[in-house]
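Numbers here are sequence positions counted from 1.
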Amino acid sequence: AFWDGTRMTYGDGDGSSYLPFVAIDVCGHEITHAVTEKTCNLTYQNESGALNEAFSDIFGTAIERYARPANWDWLIGKDISSSGTPMRSMSSPKDYSNPDTYLGTLWEAGTTDNGGVHTNSGVANYWFYLLSVGDTGTNDNNVVYNVTGIGFDKAAAIAYRILSYYLINSSDYYAAREASIQAAEDLYGACSDELKQTANAWYAVGVGQ
């Protein structure tokens, strides 16, 4: 499934392991690539590419949640697998070999997959999950974190404002952190809990203080 700059293409699966690639989160994921192209146009390589993929996962999930509020999840592509095995998990990236900490365990540092765009998206995916629902834990840097969730809708509003107002094509994870803090201030105020938790969620995934 992909956006080619002009149109959407969805494969019909292999008749065995994969069903047609028309699950709602997959469709939403690919459509978001078009939105990204028309906003900040994140370069599809290395950290900017990982952010590109993460925003597609975020809004693919947002679309699934909007369309079927009683039947959505944090798993990407589960409904195109005949076994129900997803491609990625936003709530537990390591379950499917993606990192949940910047430069941490499972981080792709090589050139595979355009510099790990699908793999390293796990860090931003987990940031969004933590910002939405909150959690406590210890990351790969042995840093203890505590994030209080602000809710999915507020987290999505921050994510969309990042994408549409502040990122540029070469933005990396630290730029995304700065952009999200500014977006949270725009939407909820400089002293808001939403801004504090935005920073806390990035801290949890190893980006910034």
Which heavy atom in [X] sits nearest to a heavy atom in [Y], and how many Å separate them?
X	Y	value
S81	Y18	CA-CD2, 4.5 Å
N98	H118	OD1-O, 3.9 Å
A184	L195	CB-CA, 3.7 Å
V35	L163	CG1-CD2, 4.2 Å
A155	S132	CB-OG, 3.5 Å
A50	G116	CB-O, 4.5 Å

Quick check: do [X] and [Y] have side-chain heavy atoms less than 4.5 Å from each other?
X	Y	answer
R161	L187	yes
F21	D12	no
P99	T119	yes
Q182	E178	no
N46	N114	no
K78	D25	no

TODO: Taking side-chain hydrogen bond (donor to acceptor under 3.5 Å, both in side chains) as the test, write out the residues that go with T105, two or more places apart.
DONE: D140
State yes or no: do [X] and [Y] share one hydrophobic cluster built from I, L, V, M, F, W and Y residues joined by side-chain heavy-atom distances below 4.5 Å, directly or via other members?
X	Y	result
F59	F128	yes
Y160	L42	yes
V205	L103	yes
V207	F55	yes
M87	Y96	no

Between [X] (side chain) and [Y] (backbone), is there a donor-acceptor pair under 3.5 Å?
X	Y	result
N141	V143	no
Y173	A124	yes
N120	E108	yes
T138	V144	no
S180	A176	yes
R88	S121	no
S48	T43	yes

What I want to check is whether the side chains of [X] and [Y] have a donor and an acceptor closer together than 3.5 Å.
X	Y	value
W74	S89	no
Y44	E53	yes
Y166	D186	yes
Q197	Y188	no
N125	D57	yes

- [ ] Show the numbers, then the answer: is there a side-chain contact (heavy atoms from CB on, under 4.5 Å) between C40 and T36?
- [x] CA-CA 6 Å; C40 56; T36 298; 4.2 Å; yes
Task: D153/R65 ion pair, N-O < 4.0 Å - done: yes
TODO: Kindly determine whether Y203 and Y145 satisfy ring-ring contact (aromatic ring centres under 6.0 Å, His included), including the steps that lead there.
DONE: CA-CA 7 Å; Y203 179 67; Y145 61 83; 8.1 Å; no
Rounded to the nearest 0.5 Å, how far does [atom2] of [Y] lie from [atom1] of [X]?
X	Y	atom1	atom2	answer
L130	I150	CG	CD1	11.5 Å
S83	L19	OG	CG	9.0 Å
I63	I31	CD1	CD1	7.5 Å
I162	S171	CD1	OG	10.0 Å
W3	M8	CH2	CE	7.0 Å
T111	Q45	OG1	CD	9.0 Å

- [ ] Kindly state whether the ring of Y10 and the ring of F2 have centres lying under 6.0 angstrom apart.
- [x] no
Open item on the list: Taking the ring of W72 and the ring of F152, is the distance between their centroids below 6.0 Å?
Closed with: yes
Open item on the list: For Y102, run the ring pair (Phe, Tyr, Trp, His ring centres under 6.0 Å) check against W202, Y174, W127, Y126 and tell me which one passes.
Closed with: Y174
- [ ] Please report the C-alpha distance between M90 and I76 in whole Å, then the side-chain angles of each, then the deciding distance to 0.1 Å, and finally whether the side-chain contact (heavy atoms from CB on, under 4.5 Å) criterion is met.
- [x] CA-CA 8 Å; M90 298 180 70; I76 306 300; 4.1 Å; yes
Open item on the list: As a quick check of understanding, evaluate salt bridge (Lys or Arg N to Asp or Glu O under 4.0 Å) for R68 and D79, giving each step before the final call.
Closed with: CA-CA 13 Å; R68 53 184 205 195; D79 295 334; 2.6 Å; yes
Open item on the list: Show, in sequence, the C-alpha distance, side-chain angles and deciding distance for T198 and I158, and conclude whether the side-chain contact (heavy atoms from CB on, under 4.5 Å) test is met.
Closed with: CA-CA 9 Å; T198 297; I158 290 170; 3.6 Å; yes
Open item on the list: Set out, in order, the CA-CA distance, both residues' side-chain angles and the distance that settles side-chain contact (heavy atoms from CB on, under 4.5 Å) for N139 and D100, then state yes or no.
Closed with: CA-CA 8 Å; N139 69 18; D100 63 12; 5.5 Å; no
